[in-house]
Structure formats: structure tokens, C-alpha cells
Amino acid sequence: MAQKNDGAQPAPKTESHDPAFPEAFLQFMRTGWREDPIAVAPLPEVPNYEKRRAALSEAFPGETLVIPSGNEKVRANDTEYSFRPGSDFFYLTGDRDPDSVLILHPTASGHEAVLFTRERNSKETDRFFRDRNGELWVGRTHTLAEKATEIGLETASLGHLGSALALSAPGRTRVLRGLDPNIDRAVLAYEPDRDKPRDRELARVISELKLVKDEWEIAQLQDAIDATVRGFEDVARILPADRGVKERLLEGVFGLRARHDGNDVGYSSIVGGGAHATILHWVRNTGVTTPGELLLMDMGVEGHNLYTADVTRTVPVSGTFTPLQRQVYDIVYASQQAGIDAVRPGVLFKDVHQVCMRVLAEGLHDLNLLPVSVDEAMAEDSTVYRRWTLHGFGHMLGIDVHDCSNARNETYREGALGEGYVLTVEPGLYFQPEDELVPEELRGLGIRIEDDVLVTADGCRNLSDGLPRTSGEVETWLAAQREAGPRLPG
């Protein structure tokens with residue numbers, strides 16, 4: 001790939017407490033360094049990125065498309081969160097660096113793609129040791145040519161981005177907004193009267209392209225899910241049956257697996273012991289497990305190529321469900337199984353939801369909790385059953401844990417499932433500790449079962465079937481993991 005390697009660099013990144021180096025030290029640092037080249041080759045998935053850019057190009061002929069990777073975010077003072085590129089940007093490029101911007105310039109035959117990115121802070125200038133993005137601080141980085149080779153994209157210095165944006169035709173530019181405020185402001189400066197719905201359409205088209213996963217994406221998801229299975233096994237192996245442990249210990253054990261086998265966790269792990277299981281997004285994980293209670297764990301490994309798993313299991317800490325715990329668990333399992341059985345091409349997303357919810361409503365009726373009949377509870381002008389199951393049956397999954405979120409309702413929530421879609425099926429029942437409309441023995445009980453499902457030509461495949469789902473299988477699995485004992489990732 002051709003490269004463009006001239007132009008200014010952003011200002012050096014320094015801190016107020018950095019020392020003022022004497023000239024003798026500066027001169028000494030500029031000498032005696034060997035240049036070690038690194039071997040680069042095109043990533044095997046480069047053709048996948050090219051196909052995605054071609055599909056996006058076809059959707060917007062004659063228009064300039066601007067897709068940023070995003071910026072690093074400050075965590076506290078001069079420390080930053082670990083950077084993860086914007087999902088849509090990575091989906092189209094495979095590049096992982098902050099501040100990069102993909103621009104698709106219109107041509108007579110489609111678009112020319114150029115990646116504007118940071119130049120290497122090499123030892124040719126003092127930046128390599130004075131800039132906090134220099135190589136003595138962050139390690140060897142790619143030259144523009146090396147990056148162009150690796151990801152199959154023409155590259156240009158970030159210093160040329162402003163002039164490239166200025167060349168965009170007014171009224172013919174679309175920007176993926178919300179990732180880089182500098183880009184948002186720059187484009188508005190050139191087009192102060194721009195039509196924001198046009199930008200939303202760019203986000204919508206990318207989301208809808210992401211609905212169907214290709215074979216490479218499915219393999220990435222399977223790798224992340226398999227690592228997640230190992231992470232759940234790790235946790236089960238150190239979960240005592242006879243005493244409490246901190247939820248954060250379990251979170252940390254899973255996090256070790258995620259960092260070892262993947263990039264990180266795909267989202268903040270939910271580890272809820274006892275009544276914490278009834279809090280849908282319990283991510284503080286400040287509690288302690290209790291023998292005799294249940295433990296709900298919603299956790300997923302994000303793989304090396306940023307595709308994430310999303311799996312939930314609820315286990316009895318003591319190793320065996322009580323009769324009431326088993327009764328509620330089996331209701332949730334029946335709901336999930338009914339949903340999985342319903343998943344196939346052509347089935348409406350909302351119909352899978354209805355299948356799962358009816359089983360839950362029937363179970364609530366059997367528990368004598370519904371104030372009306374099942375049919376009345378399921379009616380659109382009622383849905384009172386949702387007091388005990390606030391969320392839907394699932395969501396799309398991929399490079400985001402809630403993938404394709406900018407897709408139109410008619411292609412997602414109101415649309416039909418298609419072959420190659422990957423989605424979660426995750427019904428749950430949650431009885432809050434302070435809920436006076438349920439018997440005392442149910443209060444504080446929360447159960448969810450979640451799996452990641454691929455829509456196939458004739459039905460679906462459960463990608464996370466490496467973990468047990470029925471109540472009996474969960475008990476047997478938990479006992480087997482405990483007998484095997486702790487292990488280090490290897």
C-alpha cells in the first residue's frame with residue numbers, strides 16, 4: 001500500500017511534573033541507539049475489512065465518509081483508561097490506535113480509503129523519550145508504511161487530516177459522531193448547517209451491515225465464548241460450598257482468564273450473590289457469597305479481535321438447589337429453551353421474545369403471583385408479569401456486547417432473524433427483597449440463564465453449550481469443577 005508520510009505531528013504529550021532536561025543529557029540521549037526493524041505482513045482478515053468498506057462505499061456513492069477510532073479517556077489526573085478503538089472503526093479497518101480517522105473519499109468507481117493516524121515517535125527526534133507516547137514510554141510503534149502493510153490500507157499522517165476534511169464537499173460528507181469531539185467540531189466548522197440525520201444514517205448502515213456475521217467473525221465469537229467457558233470453570237473451582245467469599249474474588253478470577261486468553265472482559269462482570277442477583281446491572285460486586293443462596297454470574301471474555309461473549313449462569317453456592325430454588329430455576333430454563341427452539345431464519349425477533357415471556361408468565365402463574373390470567377398478563381395494555389422480569393429475551397452480539405444498536409427497528413427489534421445473526425437468549429426472574437407481593441421465601445431470589453446463539457440455515461446453534469443449563473447438569477458440573485480443583489490459565 002502507498003503511504004503519505006509528510007506533515008506535522010500533534011504536540012508532544014508531557015506532564016507538568018516532567019523534568020527540564022539539561023542540554024548535555026539531551027545530546028547524550030540522541031546517540032548510540034540501534035534501529036531494529038520489525039517484520040510485518042498483511043493480517044489474514046484484511047479481505048474481510050476490504051469487503052466491509054466496499055459494502056459501505058456502495059451505500060453512499062459520491063459522498064465522503066469519516067469514521068474515527070476515538071480518543072484516550074482520562075481516568076484520573078494523568079492516568080488514562082486502557083484504550084479500545086470504536087467498534088465500527090475497528091470493524092472497517094482492524095486498526096487499534098487512538099486518534100486515528102478513516103476517510104472514504106469518493107471516486108468515479110467508488111471510494112478511496114485512507115487511514116489518518118499517528119506517525120511513529122522514532123529516535124529521529126527527541127519525542128521517543130520526551131513524549132508520553134514515545135517509544136521509551138509505550139514501546140515500538142508502527143511506521144505509516146508498516147501499518148499500511150499490516151491492515152491493507154493507505155496511511156497518512158494525522159497532521160494532514162485537517163486539509164483532507166477541508167476538501168470534503170459541503171453537504172456530501174457523513175461523520176460517525178460521538179467518538180472524537182475534535183472531528184465533530186472540525187466537520188461542523190466546514191459545514192455549519194450540516195444535516196445531522198445524514199450522520200445517523202451512516203451509523204445505521206454500519207449497524208445493519210454488522211447484523212450478519214461472516215465465518216471469520218463467527219470463529220472470533222466462538223474463541224471468546226470458549227475462553228468464557230474456561231473462565232466460568234475457573235470460578236467454580238475456587239467457589240467454596242461451606243463458607244463465603246467476596247464477589248470481587250470471583251470477578252478477579254474470571255478477569256485473569258479474560259486477560260490471559262483474550263483482550264479483556266467484554267463488559268463489567270456482574271457477580272451477584274444472594275439478593276444482589278436481583279439487581280440487573282450489579283457491577284459493584286462488593287458482596288459475599290452465602291452457602292444456601294444462589295450466585296448469578298453474567299460475564300464474557302472479549303477476544304483478541306474485540307468480539308465478545310455474553311454468558312450468564314446461576315449456581316447454588318452449596319452445590320444443590322433447594323426445592324423452591326429449583327422450581328424457579330426450571331421455569332427460567334424452560335423459558336430459555338423455548339426461546340432457543342424458536343430461533344431460526346425468518347422468525348421475528350419480537351416473536352422469540354413473546355415465546356420466552358409466555359413461559360415465564362405461566363411459571364409466575366404457577367407460583368400464584370400473577371394478579372390476572374396469563375393471557376391478561378401478556379396483553380400489550382398490561383404486561384404485569386414484567387414486574388419480575390424487567391428485560392427482554394436477548395440482544396444481538398458481536399464486536400459489541402449489544403451489537404448493531406443503531407439498526408432500524410424494522411431490521412432489528414421488529415425485524416426477522418437472518419442466517420448468520422448471533423444473539424443472546426437470556427430470560428430471568430427476579431424477586432426483589434422488598435417486594436411485598438411475593439412470599440417471603442422468594443424475596444431476594446434472582447435467576448438468569450444466558451447463552452449465545454448463531455442463527456443457521458435450518459435453526460440455530462448454541463455457541464456456549466460448553467456450559468450446563470439444566471438444574472441437574474449445573475449441580476453435576478459444579479461438583480466436578482470443585483473436585484478438579486484450582487488451575488492457572490495455560
Side-chain angles (χ1 to χ4, degrees), residues 1-14 30 33-50 52-54 56-57 64-72 83-86 88-107 110-168 175-176 179-180 182-183 186-187 305-306:
M1 285 287 170
Q3 59 161 327
K4 301 174 183 177
N5 193 20
D6 56 343
Q9 278 279 80
K13 186 174 183 181
T14 59
R30 293 165 186 160
W33 301 102
R34 184 181 68 249
E35 180 64 30
D36 289 335
I38 58 175
V40 294
L43 295 172
E45 60 267 24
V46 162
N48 301 62
Y49 300 124
E50 291 174 343
R52 297 166 191 169
R53 292 195 298 270
L56 189 62
S57 170
T64 300
L65 309 179
V66 182
I67 299 98
S69 68
N71 313 128
E72 293 173 303
F83 179 74
R84 181 192 186 278
D88 291 346
F89 171 86
F90 188 81
Y91 176 80
L92 294 166
T93 67
D95 180 50
R96 299 170 184 267
D97 286 340
D99 303 325
S100 296
V101 182
L102 172 68
I103 297 187
L104 298 182
H105 299 283
T107 65
H111 284 83
E112 175 196 28
V114 180
L115 180 70
F116 292 84
T117 189
R118 293 175 179 173
E119 291 189 65
R120 177 189 169 203
N121 280 337
S122 71
K123 299 179 181 67
E124 295 176 359
T125 74
D126 291 354
R127 286 176 177 271
F128 84 97
F129 69 91
R130 299 194 72 169
D131 189 332
R132 289 300 176 96
N133 287 319
E135 292 183 0
L136 285 190
W137 293 92
V138 301
R140 172 74 153 84
T141 55
H142 282 46
T143 66
L144 295 181
E146 288 165 348
K147 179 173 285 193
T149 297
E150 187 172 80
I151 64 175
L153 259 175
E154 181 178 351
T155 59
S157 169
L158 202 55
H160 290 303
L161 179 60
S163 58
L165 292 174
L167 293 173
S168 303
V175 181
L176 196 63
L179 289 162
D180 189 332
N182 297 317
I183 300 301
V187 174
N305 286 305
L306 309 188

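Note: hydrogens, waters and symmetry copies are ignored here, and every other heavy atom, side chains too, is used.
- Nearest approach of Leu179 to Leu176, heavy atoms of both residues: CD1-CD2, 3.8 Å.
- Here the side chains of Val101 and Thr117 are not in contact, with every heavy-atom distance at 4.5 Å or above.
- For the residue pair Thr107 and Glu112, no side-chain donor N or O sits within less than 3.5 Å of a side-chain acceptor on the partner.
- Side-chain contact check for Ser100 versus Leu158: every heavy-atom pair is 4.5 Å or farther apart.
- If you check the side chains of Asn121 and Arg132, you find no donor sitting under 3.5 Å from an acceptor.
- Remark: Leu92 CG to Leu104 CG distance equals 7.5 Å, nearest 0.5 Å.
- Applying the ring-ring contact (aromatic ring centres under 6.0 Å, His included) criterion to Tyr49, with sequence neighbours excluded, gives no partner residue.
- Applying the side-chain hydrogen bond (donor to acceptor under 3.5 Å, both in side chains) criterion to Asp97, with sequence neighbours excluded, gives Lys147.
- To the nearest 0.5 angstrom, Phe129 atom CZ is 11.5 Å from Lys123 atom NZ.
- Looking at Arg120 and Arg140, their side chains come closer than 4.5 Å, going by heavy atoms from C-beta outward.
- Within the 4.5 Å cutoff, the side chain of Leu102 has heavy atoms near those of the Phe89 side chain.
- For the pair Ile38/Asp36, no side-chain contact is recorded, criterion being any heavy-atom separation below 4.5 Å from C-beta on.
- The cationic group of Arg52 lies under 6.0 Å from the six-membered ring centre of Tyr91 and within 45° of the ring axis, placing it in a cation-pi geometry.
- Between Phe128 and Trp33, the ring centre distance stays below 6.0 Å.
- A distance of 8.5 Å separates CG in Leu153 from CG in Asp95, rounded to the nearest 0.5 Å.
- Atom CD of Glu35 has more than 12 neighbouring heavy atoms from other residues, nucleotides or ligands inside a 6.0 Å radius.
- Annotation: side chain of His111 is not in contact with side chain of His105 (no heavy-atom distance under 4.5 Å).
- Thr149 places a side-chain N or O within donor-acceptor distance of the main-chain N or O of Ala145, the cut-off being under 3.5 Å.
- The OG1 atom of Thr93 lies 7.5 Å from the CZ atom of Arg53; values are rounded to the nearest 0.5 Å.
- Asn71 pairs by the side-chain hydrogen bond (donor to acceptor under 3.5 Å, both in side chains) definition with Asp99, Asp180, not counting sequence neighbours.
- Counting only heavy atoms from C-beta outward, the side chains of Ser69 and Arg96 never approach each other to under 4.5 Å.
- Here the rule is side-chain contact (heavy atoms from CB on, under 4.5 Å) with Ile103, and of Val175, Leu115, Leu167, Leu161 only Leu161 fits it.
- We find that Glu135 and Arg127 are not joined by a salt bridge, their nearest charged nitrogen and carboxylate oxygen being 4.0 Å or further apart.
- In this structure, the separation between OG1 on Thr155 and CD on Glu146 is 10.0 Å, given to the nearest 0.5 Å.
- Counting all heavy atoms, side chain and backbone alike, Gly152 lies closest to Glu50 at O-OE2, 4.2 Å.
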